[in-house]
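One structure is given below, encoded as C-alpha cells.
Every chain is numbered from 1 and lettered A, B, ... according to where its sequence line falls, protein lines coming before strand lines. All values below come from the heavy atoms of this structure, side chains included, with hydrogens, waters and symmetry mates left out.
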Amino acid sequence: MSKLSLIEDLKARGLIAQTTSEEELVEHLGSGRVTLYCGFDPTADSLHLGHLVPLLMLKRFQEYGHRPIALVGGATGLIGDPSFKAQERQLNSAEVVQDWSNCLKRQISQFIEFNDNGGAILANNYDWTSNVDVLSFLRDIGKHFSVNKMISKESVKQRIEREGEGISFTEFTYQILQSYDYQKLNELYDCTLQIGGSDQWGNITGGIELVRRMNGRSVHGLTLPLITKSDGTKFGKTEGGAVWLDPKKTSPYAFYQFWLQTPDADVYRFLKFFTFLDVARIEAIEAEDQAREGRPEAQRILAEEVTRLVHGDDALAGARRITEALFSGDHSTLDADDYAQLQLDGLPASQVPAELADLPLTTLLTEAGVATSGKQVKDALQRSAVVINDEVCSLDRNMDAATLFSKESARFERFFLVKLGKKKHHLFYL
RNA sequence: GGUGAGGUUCCCGAGUGGCCAAAGGGAUCAGACUGUAAAUCUGACGCGCGAGCUUCGGUGGUUCGAAUCCACCCCUCACCA
C-alpha cells in the first residue's frame, strides 16, 4: 500500500473537523513546503492533554515536510478567549501570564524540533501586540472588522444571547487579536495555514479574512475535532483534575496509567488521535483484539506510545516498572532496591510521620495525598479497600497507625506499600 | 441613572421561619461483577476516627430558632435611558 497523503492520513484518523476549501488546501499542501501555525494560550503553567492533539498535529505536518509555528499567546492570554465559554473569565496578572508563557515555550520546544535549520518556529504574539497603540489598533486593524459579523459568530453567540451571561468588550476583542496573529505570521513567515481545535473555527476564519484584506492573500484553515469520550464525560480529566504534560504535575507513571484505563469504546479512536502508528496498523490491532477473547492489547499500546511521545523512553520504562510491580499481584519479588526505584520512577511516596500514637489512618492517608478527605478513607476502610503491605486493613485499626507502620511490619525495615481501592498506590517509608 | 430578575454545598438546580448539612440530577470516589474496560447493582459524597464543628453573596438585625423575615452593602444579568 502506498503512503497516504497528509490529508488522507488525517482524514483516516478522524482528525479533521472542518477545513477551508479542501480542494485548494490539498493543492496548496501538495505545492511545496507550507508554513502553518497553531496557538497555545497560557492559561496555566503547563499544557495538558487537550493541547496534545494540536501539538501532535504540528508534528504530523512537520513529518510531511511542512514548517510548523507554535505560537504562545503571551498577548491573547492576557485577554481570554470567549469561544464557547459559558462565562467571562478571570483575568490573570501580566506577570503570571508572562511566567506561564515561558513555561509553555519550554514545554513546546521539547516536542517539536526547533533547532534544525529552517525548522519549526516558536513565536509569542506578545512580541507584535504589546507595542501597538490603541489608535493604530482601531484604525489599522479594527477597521477591517464588522461588528455585525463578530456578534453573529457561533462562538460568542451564547454569551450574547444567553440570559444571565454577558461578554465584556475585552473578551469580545479576542477574535481581532487572534486574527491579527495570523496576519502577522503571514507577513513575517509566509504562514498560510492555521490549525486549531474546532472551537477555534470562528477565530481562524476571522484571521483568514484579515489576511486577505491586509495582505491581499488567500490563506487556509483547518480545525481538529473535539476529543470526546463514549460515555459523555470530559476527556482528559482524572480524580486529581487535568492530566498535564509536565512530569512534575502529572508523573509519567500517572500519565501511563491514565491511558491504560482508556475504555474499549474509545481506545482505537485515541490510537489514531494520539499516536503516529499507521491507521492500517491500528485497524490490525483492533481486529486482533476482537479475534482474541478477553483483554485487549490496545490500551497497553496506546499508553506506551503516548507516554514515550510525551515523556521519552526512560520515563516510559519507569512507568512500566511501577505498573508491573503494583499490578502483577505479587509484591514478594520486589527487593529493597526495587522499592527505592519505585519512588524514583514516580510512584507517589511519603515519609511516615515520626509521631503516630494519636494519628488516625484517615488523617495520615489524607495528608499523604492518598485521598482527599478522611471520609473517603473511612469509606474505603469499611469496605476493606485499604491494603497495607498486602494486608487488608479494617476500620477498627484506624487508630493503630503505630503498629501498622512500625519497623517490624515494614518491608526491608523501611517500606510500606499502601493501596487504596484497586488502582491507587502509595509508598510510605521510614 | 431607572426598572426588573438573580447570587444555595464541585456543577446544574429545589428549598421561602423549626422536620435542613439542605430534595433531585450530573460529576466524583469506594464495593460487588470484570480485563486496572464498559454496563449494572450497592454505598459515600461540607469537615472531623469520634463527641462534634462550619455552610446557603457580605455585614448587621428580628426571633427561643433564619438558607428562609428586615436593613444596608457587594456582585451578575436583562430591558430602558
Side-chain angles (χ1 to χ4, degrees), chain A residues 85-90 158-168 171 228-243 253-271 285-286 288-290 292-304 307 319-331 347 356-367 369-387 392-404 417-426:
Chain A
K85 300 278 188 317
Q87 288 183 325
E88 182 84 10
R89 289 214 259 166
Q90 190 83 41
Q158 60 163 326
R159 285 280 289 281
I160 289 170
E161 286 176 357
R162 187 180 157 189
E163 205 153 314
E165 292 301 337
I167 183 168
S168 67
E171 284 195 13
T228 55
K229 288 210 311 186
S230 51
D231 62 5
T233 58
K234 211 169 170 190
F235 167 76
K237 291 275 193 270
T238 60
E239 194 201 342
V243 176
Y253 163 67
F255 191 85
Y256 181 83
Q257 283 288 322
F258 170 83
W259 292 106
L260 205 58
Q261 290 166 35
T262 305
D264 293 3
D266 296 321
V267 69
Y268 304 102
R269 267 192 317 132
F270 287 2
L271 278 167
I285 293 170
E286 185 168 4
E288 279 167 37
D289 279 343
Q290 235 143 39
R292 187 173 351 94
E293 294 280 306
R295 187 172 190 177
E297 282 291 287
Q299 278 87 346
R300 206 202 77 243
I301 296 168
L302 176 66
E304 287 181 6
T307 307
R320 291 186 58 182
R321 267 199 301 278
I322 301 179
T323 298
E324 180 58 30
L326 298 182
F327 290 91
S328 63
D330 179 15
H331 300 158
L347 180 68
L356 292 171
D358 294 320
L359 194 64
L361 276 182
T362 47
T363 309
L364 179 68
L365 297 185
T366 306
E367 279 175 1
V370 183
T372 51
S373 79
K375 282 264 166 71
Q376 283 185 14
V377 179
K378 193 181 151 193
D379 183 49
L381 284 168
Q382 260 163 353
R383 292 159 178 281
S384 313
V386 175
V387 180
V392 173
C393 191
S394 56
L395 184 57
D396 53 316
R397 305 202 68 183
N398 188 29
M399 297 307 295
D400 206 12
T403 317
L404 290 167
L417 215 41
V418 175
K419 183 164 84 120
L420 192 154
K422 264 182 286 206
K423 302 166 197 165
K424 223 173 293 169
H425 295 82
H426 197 98

Once rounded to the nearest 0.5 Å, what's the spacing between atom CG of A:Asp396 and atom CG of A:Leu381?
9.0 Å
Give, for atom NE2 of A:His425 and atom CD of A:Gln257, the distance between the pair rounded to the nearest 0.5 Å.
8.5 Å
Counting only heavy atoms not in A:Asp358, do more than 12 sit closer than 6.0 Å to its CG atom?
no
State whether the number of non-hydrogen atoms from other residues, nucleotides or ligands found under 6.0 Å of A:Arg320 atom CZ is greater than 12.
no
If the condition is side chain to side chain contact (heavy atoms under 4.5 Å, CB included), which residues does [X] pass it with, not counting sequence neighbours?
X	result
A:Glu297	A:Asp289, A:Arg292, A:Arg300, A:Ile301
A:Ala325	A:Leu334, A:Leu342
A:Arg397	A:Glu391, A:Cys393, A:Ser394, A:Asp400, A:Thr403, A:Leu404

Identify the nucleotide, in any strand shown, that forms a Watson-Crick or G-U wobble pair with [N], with both distances under 3.5 Å; if there is none, say none.
N	value
B:A78	B:U3
B:G46	B:C53
B:A14	none
B:G65	none
B:C72	B:G58
B:G35	none

Determine the Euclidean distance between corresponding [atom1] atoms of [M] and [N]; express it in Å to zero decimal places.
N	M	atom1	value
B:G25	B:U42	P	12 Å
B:A21	B:U16	P	16 Å
B:U54	B:C20	C1'	15 Å
B:G18	B:G13	P	24 Å
B:A14	B:U68	C1'	13 Å
B:G17	B:U28	C1'	34 Å
B:C56	B:C19	P	16 Å
B:A81	B:C74	C1'	24 Å

Who passes salt bridge (charged side-chain N to carboxylate O under 4.0 Å, His left out) against A:Glu286, sequence neighbours left out?
none
Aromatic rings A:Phe270 and A:Phe235: how do their planes relate, parallel, tilted or perpendicular, breaks at 30° and 60°?
perpendicular
Does the protein touch nucleotides 32-39 of chain B at the base, only the backbone, or not at all? Give it as B, S and - per nucleotide, heavy atoms under 4.0 Å.
-BBBBBS-
Sugar-phosphate or base contact per nucleotide [nucleotides 42-56 of chain B; S, B, -; heavy atom under 4.0 Å]
-B---BBBS------
